[in-house]
Amino acid sequence: MAVSVTQAIQDAGSGRWNARIAGIIFIAATAAALGSTPFLPNLTGTDYLLGVDSGAAQMAVGLVLLLVAAFTSATIAVAMYPVMRRWSTGLALASVVLRAMEGVFYIMAVVFLMSLLSLSHRYAAAAAPDRQVLQAIGDALRGAREHAGLAGVFCFCLGALAYYGLFFWSRLIPRWLSGFGIVAILMMFTACFLALVSDSPITGYVFLLFPILVQEMVLAVWLIVKGFDMSSLPPEVTA
């Protein structure tokens, strides 16, 4: 059955708002994540806990920004869900669940950093013999933070692959944009795999991470300015 003119107008209006909200959240999540970097301490070297202790106030700002990034990352797919589910409820729901899991892992990483901050205060006040034990605990927390962050990036890759695949299939956005998104996600997934097998930070593979950063910002601007192509929507929800 053909979609009525009234329904088409309603779809276009709601789709435009969903697109704008998603685009704004994309930018907010990226800005918060990148903005936190200058405020976070360098967790390398033998006395990195002293650096954490001396920069506690600055680190607190970074932690707040990381929490903002975690919550906004988890809501991106939620904002797009009402439109995506018109094409595939399964892929739309998968993107929501996976990006929510991403946010949970990012919050876990923040909790580990908060624990590291508390530990650094004890380390700074401890005598030399006790510092060895505290250092070992700090190393464990640092490793747990990196692993939680990596797990979050894995979830991001799978969640983003779900909605970029849906976009490519549905033509809700131009195929050149969704196609590049799929390629960029696969590059980031490769970076995650390399970081996992080498037990090294994923930030060591910047050349594989940069394309998705550019892609997400281009997508955000496209959603805000152009929105979704609502003429491609089917008349009924499909699974």
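Computed from heavy atoms alone, side chains included, the values below leave out hydrogens, waters and symmetry copies.
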Between Ala74 and Ala100, what is the shortest heavy-atom contact and its length? CB-CA, 4.0 Å
Report yes if some heavy atom in the side chain of Ile173 is under 4.5 Å from a heavy atom in the side chain of Leu223; otherwise report no. yes
Drop me the distance from Asn18's CG to Met230's CE, to the nearest 0.5 angstrom. 7.5 Å
Would the distance check show the side chain of Arg131 and the main-chain N or O of Tyr123 forming a donor-acceptor pair, the cut-off being under 3.5 Å? yes
CZ (Phe193) with more than 12 external heavy atoms under 6.0 Å: no
Tell me whether Arg145 contacts the main-chain N or O of Ala109 through its side chain, where contact means a donor paired with an acceptor under 3.5 Å. no
Counting only heavy atoms from other residues, nucleotides and ligands, does the tally under 6.0 Å from CZ of Arg122 exceed 12? no
Is it true that atom CE of Met114 has more than 12 heavy atoms of other residues, nucleotides or ligands lying nearer than 6.0 Å? no
With distance as the sole test, does Thr190 use its side chain to make a donor-acceptor pair with the main-chain N or O of Leu186 at under 3.5 Å? yes
Does the side chain of Met108 come within less than 4.5 Å of Phe105's, by heavy atoms? yes
Indicate the atoms forming the closest heavy-atom contact of Ile185 with Cys157, along with that distance. CG2-O, 3.5 Å
Ring centroid separation for Phe228 and Phe167, is it under 6.0 angstrom? yes
So, Tyr48 versus Asp139: side-chain donor-acceptor pair below 3.5 Å or not? yes
Nearest non-hydrogen partners of Gln135 and Leu49, listed with the distance: CA-CD1, 4.1 Å
According to a hydrophobic-cluster definition based on side-chain heavy atoms being under 4.5 Å apart (Ile, Leu, Val, Met, Phe, Trp, Tyr only), do Trp169 and Tyr164 belong together? yes
If we ignore hydrogens and angles and just use 3.5 Å, is the side chain of Ser88 paired with the main-chain N or O of Leu91 as donor and acceptor? yes
If you define the side chain from C-beta out and look only at heavy atoms, does anything of Leu66 sit under 4.5 Å from Ile107? no
Separation between CG of Leu166 and CE of Met80, rounded to the nearest 0.5 Å: 9.0 Å
Centroid-centroid under 6.0 Å between Tyr106 and Phe71 rings: no
Establish whether Val68 and Val153 are linked, either directly or via other cluster members, by ILVMFWY side-chain heavy-atom contacts under 4.5 Å. no
CG on Leu113 to OG on Ser120, rounded to 0.5 Å: 11.0 Å
From Ser170 OG over to Arg175 CZ, what is the distance, rounded to the nearest 0.5 angstrom? 8.5 Å
Leu213 side chain reached by Leu34 side chain, heavy atoms, under 4.5 Å: yes
Using the rule given for side-chain hydrogen bond (donor to acceptor under 3.5 Å, both in side chains), can you reason through Tyr205 versus Ser198, listing the C-alpha separation, both sets of side-chain angles and the distance that settles it, and then say yes or no? CA-CA 11 Å; Tyr205 303 94; Ser198 64; 3.2 Å; yes
Kindly indicate whether the side chain of Leu67, heavy atoms from C-beta on, has any atom under 4.5 Å from the side chain of Val110. yes
If hydrophobic clusters are built by linking Ile, Leu, Val, Met, Phe, Trp and Tyr wherever their side-chain heavy atoms come under 4.5 Å apart, do Leu40 and Leu43 end up in the same one? yes
Does any part of the side chain of Leu93, heavy atoms only, come nearer than 4.5 Å to the side chain of Arg85, both counted from C-beta? no
When clusters are formed by joining ILVMFWY residues with side-chain heavy atoms under 4.5 Å apart, either directly or through shared neighbours, do Leu172 and Val221 land in the same one? no
So, for Ile202 and Cys192, which heavy atoms are closest and what is the spacing to 0.1 Å? CD1-SG, 3.5 Å
Taking the side chain from Gln58 and the backbone from Pro38, do they hold a donor-acceptor pair closer than 3.5 Å? yes
Quick one, Asp53 with Leu117, criterion side-chain contact (heavy atoms from CB on, under 4.5 Å). Give me CA distance, side-chain angles, the key distance, then yes/no. CA-CA 7 Å; Asp53 178 67; Leu117 179 59; over 6 Å; no
Tightest non-hydrogen contact, residues Leu209 and Met188, listed as CD2-CG, 3.7 Å
Atom pair CZ/OH of Arg86 and Tyr81 - distance to nearest 0.5 Å: 12.5 Å
Can you name the nearest heavy-atom pair linking Gln215 to Leu177, along with the distance? NE2-O, 3.1 Å
Going from CD on Glu102 to SG on Cys155, what distance comes out if it is rounded to the nearest 0.5 angstrom? 7.5 Å
Taking C-beta and beyond as the side chain, do Leu219 and Phe180 meet within less than 4.5 Å on heavy atoms? no
Between Arg16 (side chain only) and Lys226 (backbone N and O only), is there a donor and an acceptor less than 3.5 Å apart? yes
Taking a hydrophobic cluster as the set of Ile, Leu, Val, Met, Phe, Trp and Tyr residues connected by side-chain heavy atoms closer than 4.5 Å, whether directly or through intermediates, do Leu161 and Leu196 fall within one such cluster? yes
Under 3.5 Å, is there a donor-acceptor pair between the side chain of Thr30 and the main chain of Ile27? no
From CA spacing to verdict: side-chain contact (heavy atoms from CB on, under 4.5 Å), Met59, Val52: CA-CA 8 Å; Met59 184 175 175; Val52 172; 3.7 Å; yes
Check whether any side-chain heavy atom of Arg99 lies under 4.5 Å from a side-chain heavy atom of Tyr163, and answer yes or no. yes
